[in-house]
Amino acid sequence: MGQNNQPSGFGEVELDELFREVILDHYRNPRNRSLVSGSDVRAEGQNPFCGDEVAVQLKLQDRHVGEVGVQGRGCSISQASASMMGELLKGKSLEEVRRLAGLFRGMLRGVDPAPAQLEELGELEALRGVRQYPIRIKCALLAWAALEEGLERYEKAKKRNS
Amino acid sequence: MGQNNQPSGFGEVELDELFREVILDHYRNPRNRSLVSGSDVRAEGQNPFCGDEVAVQLKLQDRHVGEVGVQGRGCSISQASASMMGELLKGKSLEEVRRLAGLFRGMLRGVDPAPAQLEELGELEALRGVRQYPIRIKCALLAWAALEEGLERYEKAKKRNS
Amino acid sequence: MLNVKRIREDFPVLQRKVYGKPLVYLDNAATSQKPRQVIEALREYYESYNANVHRAVHALGMEATDRYEAARRKVSQFIGAPNPECIVFTRNTTEALNLVSYAWAQHHLGPGDEVLTTRMEHHSNLVPWQRACQERGATLKFIPHAEDGCLDLSGLDSLITERTKLVTVTHMSNVLGTINPVGLIARQAHARGAVVVVDGAQSVPHLPVNVQELDCDFLAFSAHKMLGPTGIGVLYIRPEITDQLEPFLRGGEMVREVWYDHATWNDMPYRFEAGTPNIADAIAFGAAIDYLSALGMEQVRQHEMALTSYALKRFRELEEVQVFGPGDVTVRGGVVSFHHPQVHPHDLGTFLDREGVAIRAGHHCAMPLVRSLGVVATARASFYLYNTEEEVDVLIAALQKATRYFARATERVTQAKRA
Amino acid sequence: MLNVKRIREDFPVLQRKVYGKPLVYLDNAATSQKPRQVIEALREYYESYNANVHRAVHALGMEATDRYEAARRKVSQFIGAPNPECIVFTRNTTEALNLVSYAWAQHHLGPGDEVLTTRMEHHSNLVPWQRACQERGATLKFIPHAEDGCLDLSGLDSLITERTKLVTVTHMSNVLGTINPVGLIARQAHARGAVVVVDGAQSVPHLPVNVQELDCDFLAFSAHKMLGPTGIGVLYIRPEITDQLEPFLRGGEMVREVWYDHATWNDMPYRFEAGTPNIADAIAFGAAIDYLSALGMEQVRQHEMALTSYALKRFRELEEVQVFGPGDVTVRGGVVSFHHPQVHPHDLGTFLDREGVAIRAGHHCAMPLVRSLGVVATARASFYLYNTEEEVDVLIAALQKATRYFARATERVTQAKRA
Ligand SMILES: Cc1ncc(COP(=O)(O)O)c(C=O)c1O
Ligand SMILES: Cc1ncc(COP(=O)(O)O)c(C=O)c1O
């Protein structure tokens with residue numbers, strides 16, 4: 001930017017890149033809305049700048065994600081990202097979860113994942129368009145940052161108790 | 001100023017306008033250096049920004065200036081102004097002194113005195129060149145501002161005692 | 001009437017295209033654009049007489065000092081201050097308000113005292129008083145406002161008591177657009193001996209403001225919201241209150257004499273301008289004030305009133321959208337915050353950006369107020385002297401498009417589900 | 001070696017004439033001149049992407065935010081900071097030092113504690129500590145220096161005790177030119193648990209400075225003295241000390257969440273940047289750093305060392321003139337303060353101005369130091385990367401002319417008396 005040299009003719013095409021159908025689907029129909037009681041990992045995230053909120057609960061079985069709960073309110077990006085994350089996590093080991101979080105964060109920060117990695121991210125790939133909107137990256141990462149914090153707390157508590 | 005359009009060929013001619021001979025004379029040979037003891041009006045001025053100092057004493061006779069003392073140290077402008085002031089004040093009534101202070105202040109602030117008034121200012125007219133140097137105006141006024149304060153204190157004290 | 005077409009030619013950025021669309025800049029409450037006269041003043045300063053001010057014996061320094069002090073005089077005249085010594089240059093409104101808090105409130109508030117403000121303040125006119133009250137054991141109280149965003153002054157008499165030491169009110173809300181009757185409040189506050197602070201960040205750029213009519217002790221505002229550069233703001237200090245202030249920032253310029261163990265203070269306004277000032281931006285702010293003065297603030301206000309009327313009318317066509325703030329444009333500035341029940345403000349902001357329309361989405365640094373509106377964020381369009389009815393039309397069309405876009409997207413999603 | 005001829009072409013003001021004479025700008029310790037790259041960065045910002053930073057959803061706002069944060073990264077790399085979050089933008093050095101005083105010292109000094117500094121500090125690194133000590137019941141102590149202006153560190157061991165909570169030292173004196181061994185002092189201070197503040201106003205513009213090598217907790221400096229615009233400065237805050245700091249200015253940007261009765265704070269560095277920042281000048285400061293980095297600070301230092309050597313040599317030809325500060329240019333920056341027994345510094349300054357030579361005359365915001373030199377004011381010439389030996393020659397010739405002028409004038413006066 002900086003100079004008036006953007007190609008013209010932008011418009012809904014690029015908006016469609018940002019607001020991809022699958023994103024709007026998750027936004028309108030968020031998955032795993034029910035609160036999971038007796039969960040092992042609990043995480044809450046807020047972005048005070050836009051008021052977006054998410055809460056995540058995971059039940060673990062042998063360090064693998066079993067039941068998942070995701071609640072929240074906010075913009076399409078933050079809520080779709082949270083909903084997709086919940087879907088992706090199911091059945092993954094905690095180590096895999098952490099790796100996926102890293103991959104996703106990398107993708108938004110401009111590190112293009114390899115095709116195989118992209119596949120691993122599943123629907124979340126749809127959020128790649130967000131990197132053009134630095135201000136919205138925080139929205140896309142809201143649930144993930146909360147999750148990572150929750151995991152850290154979980155591991156710490158476990159260490160203390162062992 | 002602001003543009004590079006000053007006429008060239010300036011130099012000592014203009015400096016001579018500022019550092020007029022009579023100024024340098026008073027600077028090198030300040031008049032009325034002795035401290036006047038038992039004075040009625042006492043005034044001290046300092047310009048902390050350049051460290052210049054003056055002290056003035058007046059002995060009054062029937063509200064007219066009799067003996068005068070002027071001491072100080074500092075730049076040519078502040079010291080010459082003080083010395084010339086001391087000379088000018090002799091024999092003047094307090095009312096005249098105040099009027100002369102106003103005339104002198106006006107001249108430095110850019111209000112050109114009428115020829116007759118200029119005559120009244122005597123040698124102090126030589127300080128007219130100072131107005132081209134805003135930063136030096138304070139130097140030229142140092143003794144005068146101190147004097148005016150000293151006079152005010154004197155009048156107040158008199159009122160209190162009467 | 002303003003010749004807006006001519007005015008727009010003075011603003012280089014308004015020629016810019018965003019994503020191929022002409023820029024429609026409606027984020028003026030955040031910061032305004034700058035005319036070339038202001039940009040040129042900066043260039044001229046740096047190219048021909050840049051130097052540190054005060055006490056310089058050389059030509060550049062004398063010229064810089066002259067122009068810096070001329071800018072102070074312009075500001076002083078612009079707000080009807082009794083003299084230029086009332087004008088302290090700060091970085092912005094926020095620093096100006098903090099100055100009052102550190103230099104006055106810290107030294108005059110005590111346990112049991114009260115500070116009175118409103119529930120529509122910008123964080124910058126709220127958080128400093130929270131701290132001052134907390135540290136000094138005083139209480140922060142609030143003048144309520146009605147649903148439409150107008151202050152409810154019916155209880156003012158009992159809100160301002162002899163315990164009230166300071167009353168601080170925004171002259172214009174940056175969320176609701178409400179223009180508050182500051183003069184009226186000030187008179188009542190002064191009658192009880194309280195000091196009056198006015199946050200003029202939104203009013204000074206858009207209305208004729210006169211400190212003597214407002215009857216305030218302090219007025220804070222920012223150059224960047226009124227055609228001037230970033231990094232320069234103003235605190236007006238009523239001369240009679242100067243003696244009640246302790247120094248705030250300490251260092252060069254603000255002292256008269258310094259010894260190793262103590263120092264004495266310089267005269268007003270230098271006492272509150274520690275260190276090398278923002279010389280270039282103060283001078284360029286002077287150019288902004290020249291620009292506004294040449295147009296006339298009454299004209300600016302008239303233009304914005306007309307534009308706001310038009311915008312409010314057009315907004316009424318968007319049935320789903322809820323607009324906050326007073327409906328009466330005589331008590332409202334050119335700020336239109338609104339809520340779209342189907343589209344989150346951030347999604348709206350991003351969508352409009354792609355249409356070339358720059359608005360703001362969020363809490364506008366007024367979280368408690370926005371929370372009280374029952375939303376977590378609003379979208380906000382805000383106008384200035386260069387905005388036009390055509391631009392309002394572009395905004396409204398873009399909003400209609402956004403509504404359709406997100407509705408269609410929802411529909412597509414629903415259909416896909418069904419299939 | 002610097003290509004000074006090429007460099008000078010980048011500085012529009014250096015083409016200027018003063019009273020018909022080419023400008024010889026030797027007041028760089030007060031403020032430096034600016035290259036067109038910096039002026040251009042300002043113009044570009046205001047003409048094409050001016051907008052308020054942070055939280056903006058529109059293109060201009062995103063671009064302004066990007067560039068503002070890029071400037072922070074440049075500053076951070078320039079001084080070898082571990083990350084950009086260590087860099088807080090302030091108005092100038094003075095505000096940066098006051099920030100430390102309000103945010104750290106106010107909360108950590110107590111009765112009986114000590115603050116240690118030197119006798120060669122600028123008012124901005126003296127007066128804030130006078131106040132902090134006074135308010136907290138602490139004592140301000142001083143590291144002495146020798147006649148030649150070099151710190152006498154022989155007693156440092158007994159000066160820094162377990163009561164010493166803060167040590168604050170100028171990296172380079174703006175009067176004597178002395179470059180102080182800050183790293184050495186910092187290590188001794190840290191060994192006793194004291195916090196270390198470095199006033200880098202004169203060093204960062206002229207020497208390679210690395211905060212990790214200096215081992216300081218805070219470093220303050222100003223853009224305007226290093227080719228950047230007025231109105232922007234920096235406080236480097238070592239990450240490990242962040243938790244010890246309370247907020248300073250309060251308002252927009254520096255908060256995370258706000259309710260009517262309390263607020264929580266944003267992350268570093270935003271916590272210390274309340275209100276709309278000086279966006280344009282921060283970005284232009286980035287351009288100044290690019291310029292300096294491209295030249296290389298080691299090169300800049302070499303050039304100034306050579307120039308200072310030359311100047312000191314030429315000054316020795318002026319028998320009547322007394323030069324202050326160290327003779328060894330490896331511990332001295334390009335600042336030459338001097339005393340002329342026959343001509344008052346102000347008269348000298350005015351005389352040189354007429355010759356096109358801009359120097360400073362006065363106390364240089366270091367009154368106690370200048371007083372201790374046995375004079376009330378000094379004249380000071382200070383160099384930067386664009387100055388040349390030819391300009392030093394012009395200075396020396398002008399000083400010789402002044403000596404002759406005032407001697408001749410005295411003589412004329414004496415003759416006139418005799419006649
Ligand atoms: C050593 C030193 N410290 C502090 C300052 C203050 O800098 P500023 O006026 O930019 O705040 C200066 C410059 O005047 C200086 O030379
Ligand atoms: C009403 C009001 N007060 C204060 C401020 C703070 O102004 P600044 O960010 O320039 O300090 C603003 C602008 O953001 C505002 O709208």
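Owing to the predicted nature of the structure, the values given are computational and were not obtained by experimental measurement. A note on names: the letters A, B, ... follow the listed sequences, proteins ahead of strands, and every chain is numbered from 1.
For a residue to count as touching a neighbouring chain, one of its non-hydrogen atoms must lie under 4.5 Å from one of that chain's; by this rule C:Ser32 touches chain D with the backbone only. Using a 4.5 Å cut-off between heavy atoms, C:His363 touches chain D through its side chain atoms alone. With a 4.5 angstrom heavy-atom cutoff, D:Tyr45 touches chain C only via side-chain atoms. The parts of C:Glu257 that come within reach of chain D are both its backbone and its side chain, each placing non-hydrogen atoms under 4.5 angstrom from that chain. Interface residue C:Arg371: only side-chain heavy atoms are found under 4.5 Å from chain D. For C:Leu369, the parts lying near chain D are the backbone and the side chain together; criterion is any non-hydrogen pair under 4.5 Å. The parts of C:Asn50 that come within reach of chain D are both its backbone and its side chain, each placing non-hydrogen atoms under 4.5 angstrom from that chain. With a 4.5 angstrom heavy-atom cutoff, C:Val255 touches chain D only via side-chain atoms. Proximity to chain C (any heavy atom under 4.5 Å) is restricted, for D:His54, to the backbone atoms N, CA, C and O. Residue C:Leu42 touches chain D through its side chain alone, counting heavy-atom pairs closer than 4.5 Å. Contact annotation for C:Ser222: neither backbone nor side-chain heavy atoms come within less than 4.5 Å of a heavy atom of chain D. Proximity to chain C involves both the backbone and the side chain of D:Gln33, based on heavy atoms less than 4.5 angstrom apart. Proximity to chain C (any heavy atom under 4.5 Å) is shown, for D:Ile279, by both the backbone and the side chain. For C:Asp261, the part lying under 4.5 angstrom from a heavy atom of chain D is the backbone only. Heavy atoms of D:Pro229 lying under 4.5 Å from chain C belong to its backbone as well as its side chain.
Chain C forms more heavy-atom pairs under 4.5 Å with one residue of D:Leu352, D:Thr276, D:Leu97 than with any other, namely D:Thr276. Considering only heavy-atom pairs separated by less than 4.5 Å from chain D, the leading option among C:Val127, C:Thr31, C:Asn92, C:Asn98 is C:Asn98. Counting heavy-atom pairs closer than 4.5 Å to chain C, the top residue among D:Gly356, D:Ala274, D:Ala280, D:Cys365 is D:Ala274. With chain D as partner, the option from C:Ile359, C:Leu14, C:Thr117 having the largest number of non-hydrogen pairs under 4.5 angstrom is C:Ile359. For chain C, the option among D:His346, D:Arg119, D:Arg55 with the highest count of heavy-atom pairs below 4.5 Å is D:Arg119. Contacts with chain D were tallied for C:Val38, C:Asn52, C:Leu99; C:Asn52 has the most, counting heavy-atom pairs under 4.5 Å. Interface summary for chain C: among D:Thr94, D:Thr230, D:Ile39, the most heavy-atom pairs under 4.5 angstrom belong to D:Thr230. Across C:Arg250, C:His262, C:Arg43, C:Met254, the residue that shares the most heavy-atom pairs under 4.5 angstrom with chain D is C:Arg250. Across D:Glu121, D:Gln130, D:Glu40, D:Met367, the residue that shares the most heavy-atom pairs under 4.5 angstrom with chain C is D:Gln130. The most heavy-atom pairs under 4.5 Å with chain C, out of D:Pro368, D:Gly251, D:Gly233, come from D:Pro368.
Ring centroids of D:Tyr68 and D:Phe89 are separated by less than 6.0 Å, placing the two rings close together. Taking the ring centroids of D:Phe272 and D:Phe248, they lie at or beyond the 6.0 Å cut-off.
Here the closest heavy-atom approach between residue D:Arg91 and residue C:Glu95 is recorded as NH1-OE1, 2.8 Å. For the pair C:Gly228 and C:Lys34, the tightest heavy-atom approach, listed with the atom from each and the gap, is O-NZ, 2.8 Å. Across C:Gly61 and C:Ala56, no two heavy atoms sit closer than the pair CA-CB, 3.6 Å. Nearest heavy-atom pair, C:Glu273 versus C:Glu253, reported as atom, atom and distance to 0.1 Å: O-CB, 3.3 Å. Residues D:Val258 and D:Ala263 come closest through the heavy atom pair CG2-CB, 4.0 Å. Residue C:Val370 comes nearest to C:His364 through the heavy atom pair CG2-CD2, 4.5 Å, listed as atom of the first residue, atom of the second, then distance.
Side-chain atoms of D:His122 and D:Asp199 include no donor-acceptor pair closer than 3.5 Å. Looking at C:Ser101 and C:Arg131, their side chains do bring a donor and an acceptor atom within 3.5 Å of each other.
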#### Entry: Check against side-chain hydrogen bond (donor to acceptor under 3.5 Å, both in side chains), C:Gln106 and C:Glu246
CA-CA 9 Å; C:Gln106 274 292 319; C:Glu246 289 294 314; over 6 Å; no
### Message
Is there a ring-ring contact (aromatic ring centres under 6.0 Å, His included) between C:Tyr102 and D:Tyr102? Walk through the geometry before answering.
### Response
CA-CA 10 Å; C:Tyr102 275 105; D:Tyr102 275 104; 4.8 Å; yes
### Intermediate values then yes/no, side-chain contact (heavy atoms from CB on, under 4.5 Å), C:Glu47 and D:Val13
CA-CA 5 Å; C:Glu47 292 194 352; D:Val13 80; 5.9 Å; no
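Judged by the 6.0 Å and 45° rule, D:Arg67 forms a cation-pi pair with D:Tyr49.
Distance check: D:Thr118 OG1 to D:Lys141 NZ gives 15.5 Å after rounding to the nearest 0.5 Å.
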